[in-house]
Amino acid sequence: MSNTFPKDFWWGASSSAFQIEGGWDEDGKGMTVADFNSFKRSDKQADSKVASDFYHHWEEDIDLMHELGLHVYRFSIAWARIIPDGDGEVNQAGIDFYNKVIDRLLSYNIIPFITLYHFDLPYALVEKYNGWEARDCAYAFERYARVCFENFGDRVKYWQVHNEQNLMVRVDERMNLYETDPVKKEKIRAQMDYHMFLAHALTVNACHEMIPEGKIGCAVSSTVTYPMTNKPEDVWSARMNNQFKTDYCLDMHAYGEYPGYYKAYLLEQDLYPKTEVEDEAILKSAKMDFIALNYYRTLTTHYLPADEAHPKGLRQEGMNEVDYDMYGYWKIEKNTNLEASEYGAQIDPVGLRIVLNEYWNKYRLPLIITENGLGMADTLTEDEKVHDDYRIDYMREHIKAIRDAIEDGVEMMGYSPWSIVDLLSSHQGFRKRYGLVYINRTDMDLKDLRRIKKDSFYWYKEVIASNGEKL
Ligand code: BG6
């Protein structure tokens, strides 16, 4: 098999602030929505107070990245470390922390690839005006982004705006969305989504204005939806599920306007957000330089007809917030051709090839994968090893799919799997581990937080050293 990875292909690894840093209130950091939500589960599982304690282990962790041979490290800045209350004074200690991280990465020639917002809105903005519900939040975000560009832009050229806006907006607790009336709730959600689009566009423009050679893009939660059968209605339902959950968001980022089906839905359901006249020019002028995508699994649907009791556009009750069904559109089914992980994700490397082809053919922007990985309850053996062959298999098959996509003609910048070290899973604490490096702690016992390289670390090191030839 030919090795088709370009010479300048970036091999990376990823993380996010609230999942890895800890030090949740140290040196002036404010509380975030992610902290608030994780504290609600503190009696049952790990929370963001210590997480992987990167805040105190950053030197050691970056040394491990160097040992691994990383070209790029994708991580996020905690907005509330830089501006503790979201829109007030800048916290110099927060700037100093990220300066140290960035400089150490650069000393090893590791490119810092920074996400500005990964689920951790400063909680003070929730208290002030319920966060993204207020238009002010978009401008507070732009100001925060400008503080980052001003302080780090001399060294950091690659930026992502929001992590997975398309998924985040569907999860009530991440948006602080507790309205009980279902219609009002969807209206607020659509308004929040719109303000995030506005913030995205303001930030893309600010980056281009402030950072010479700065490159900025979105990070979407990507998937492919397959039709359960070849019935045309099922094919249509699969398209709709994909479009409603991901593509509308990419289209908005790329073209600055909602695609027809989405605009029609918002109008039909009386959910269309409030906008201002100047927005159109802002949204349309913001041109992304690349598309980053997070890819874990695929979905399958069949058509779910609406009826009198279940009008078109109504979500089926009792569904999980991310993969909900919608009357008149789709119903999620299990794909019996795919195996599922211990936590239910349907593993599908071919789907990655499909999605890469789709995005490249549609947007003609270079692509980078900023998350992909397998969450499992790893076991540390008595001789201090983690034999995570299942993770190696998962990564190998996905890397092959990227290679196939490159052979199909897709322009790929790189691959940055989730995650560099074990970190706080957004729902399963430290029971579900994704890291290439094991963190010696459990949910309720911090132990010594020692870093232990897993088998996947050694395997990925070889992959990087051989530019993807040794899989
Ligand atoms: C992605 C998020 O959607 O999925 C990450 O960007 C998250 O923050 C990852 O950790 C895996 O999800 P989970 O729930 O297993 O942690």
Side-chain angles (χ1 to χ4, degrees), residues 12-22 32-35 37-38 40-41 44-48 51-52 54 73-79 113-121 160-175 196 217-224 245-246 249-250 291-299 320-324 340-348 351-352 355 368-378 388 390-391 394-395 398 415-437 439 443:
S14 298
S15 74
S16 91
F18 83 95
Q19 295 176 280
I20 192 176
E21 283 180 0
T32 70
V33 169
D35 294 329
N37 289 324
S38 86
K40 287 196 278 193
R41 296 188 270 272
K44 292 186 210 73
Q45 62 183 54
D47 59 25
S48 61
S52 319
F54 179 82
Y73 174 45
R74 182 265 192 166
F75 62 104
S76 77
I77 287 184
W79 179 352
F113 194 118
I114 295 184
T115 314
L116 285 161
Y117 170 45
H118 195 120
F119 307 158
D120 51 357
L121 185 74
Q160 292 183 299
V161 188
H162 312 307
N163 177 65
E164 300 184 346
Q165 175 177 337
N166 60 314
L167 185 138
M168 187 184 337
V169 78
R170 302 206 295 273
V171 181
D172 297 348
E173 71 168 28
R174 291 205 181 119
M175 305 306 290
M196 287 180 74
C218 61
V220 287
S221 164
S222 68
T223 191
V224 177
K245 292 188 185 156
T246 309
C249 181
L250 264 179
I291 290 175
L293 56 141
N294 300 343
Y295 177 89
Y296 289 92
R297 49 82 201 245
T298 53
L299 297 169
N320 109 22
E321 295 162 301
V322 174
D323 293 337
Y324 61 87
S341 78
E342 175 180 359
Y343 288 95
Q346 297 221 278
I347 300 170
D348 183 6
L352 179 57
V355 96
I368 177 165
I369 292 158
T370 45
E371 288 186 32
N372 170 243
L374 186 62
M376 296 289 276
D378 296 328
D388 55 345
Y390 37 82
R391 183 166 294 110
Y394 179 99
M395 288 174 68
H398 285 81
Y415 175 67
S416 188
W418 188 257
S419 49
I420 180 64
V421 298
D422 288 339
L423 37 70
L424 186 69
S425 149
S426 40
H427 289 101
Q428 282 97 0
F430 267 79
R431 253 174 307 141
K432 189 184 194 185
R433 296 169 182 267
Y434 286 89
L436 299 164
V437 176
I439 301 287
D443 270 331

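Both ligands and their constituent atoms are indexed starting at 1 by order of listing. Worth knowing before you read on, the calculation uses all heavy atoms, side chains too, and leaves out hydrogens, waters and symmetry mates. Computed from a predicted model, the values in this text were never measured in an experiment. Sequence positions, counted from 1, serve as the residue numbers for this chain.
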Extract all N/O-N/O pairs under 3.5 Å that connect ligand 1 to the protein, and present each with both atom names and the distance rounded to 0.1 Å.
{"unit_1": "ligand 1", "atom_1": "3 (O)", "unit_2": "Glu164", "atom_2": "OE1", "d": "2.6"}
{"unit_1": "ligand 1", "atom_1": "3 (O)", "unit_2": "Glu164", "atom_2": "OE2", "d": "3.0"}
{"unit_1": "ligand 1", "atom_1": "6 (O)", "unit_2": "His118", "atom_2": "NE2", "d": "3.3"}
{"unit_1": "ligand 1", "atom_1": "6 (O)", "unit_2": "Asn163", "atom_2": "ND2", "d": "2.9"}
{"unit_1": "ligand 1", "atom_1": "6 (O)", "unit_2": "Glu164", "atom_2": "OE1", "d": "3.4"}
{"unit_1": "ligand 1", "atom_1": "6 (O)", "unit_2": "Glu371", "atom_2": "OE1", "d": "3.1"}
{"unit_1": "ligand 1", "atom_1": "6 (O)", "unit_2": "Glu371", "atom_2": "OE2", "d": "2.8"}
{"unit_1": "ligand 1", "atom_1": "8 (O)", "unit_2": "Gln19", "atom_2": "OE1", "d": "2.8"}
{"unit_1": "ligand 1", "atom_1": "8 (O)", "unit_2": "Gln19", "atom_2": "NE2", "d": "3.4"}
{"unit_1": "ligand 1", "atom_1": "8 (O)", "unit_2": "His118", "atom_2": "NE2", "d": "2.8"}
{"unit_1": "ligand 1", "atom_1": "10 (O)", "unit_2": "Gln19", "atom_2": "NE2", "d": "2.9"}
{"unit_1": "ligand 1", "atom_1": "10 (O)", "unit_2": "Trp418", "atom_2": "NE1", "d": "3.3"}
{"unit_1": "ligand 1", "atom_1": "14 (O)", "unit_2": "Ser426", "atom_2": "OG", "d": "2.7"}
{"unit_1": "ligand 1", "atom_1": "15 (O)", "unit_2": "Lys432", "atom_2": "NZ", "d": "2.6"}
{"unit_1": "ligand 1", "atom_1": "15 (O)", "unit_2": "Tyr434", "atom_2": "OH", "d": "2.5"}
{"unit_1": "ligand 1", "atom_1": "16 (O)", "unit_2": "Ser425", "atom_2": "OG", "d": "3.2"}
{"unit_1": "ligand 1", "atom_1": "16 (O)", "unit_2": "Ser426", "atom_2": "N", "d": "2.7"}
{"unit_1": "ligand 1", "atom_1": "16 (O)", "unit_2": "Ser426", "atom_2": "OG", "d": "3.1"}

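When the side chain to side chain donor-acceptor pair (under 3.5 Å) test is applied to Arg170, no partner is found at least two apart in sequence or on another chain.
When each of Phe119, Phe75, Tyr117, Trp418 is tested with Ser16 by the rule side-chain contact (heavy atoms from CB on, under 4.5 Å), just one qualifies, namely Trp418.
Looking at Thr370 and Ser14, their side chains never bring a donor and an acceptor atom within 3.5 Å of each other.
The shortest non-hydrogen separation linking Val322 to Arg297 is CG1-NH2, 4.0 Å.
Electrostatic pairing of Arg433 and Asp388 does not count as a salt bridge here, judged by no charged N lying under 4.0 Å from a carboxylate O.
Relative ring orientation between His398 and Tyr295 is described as tilted, the plane-to-plane angle lying within the 30° to 60° band.
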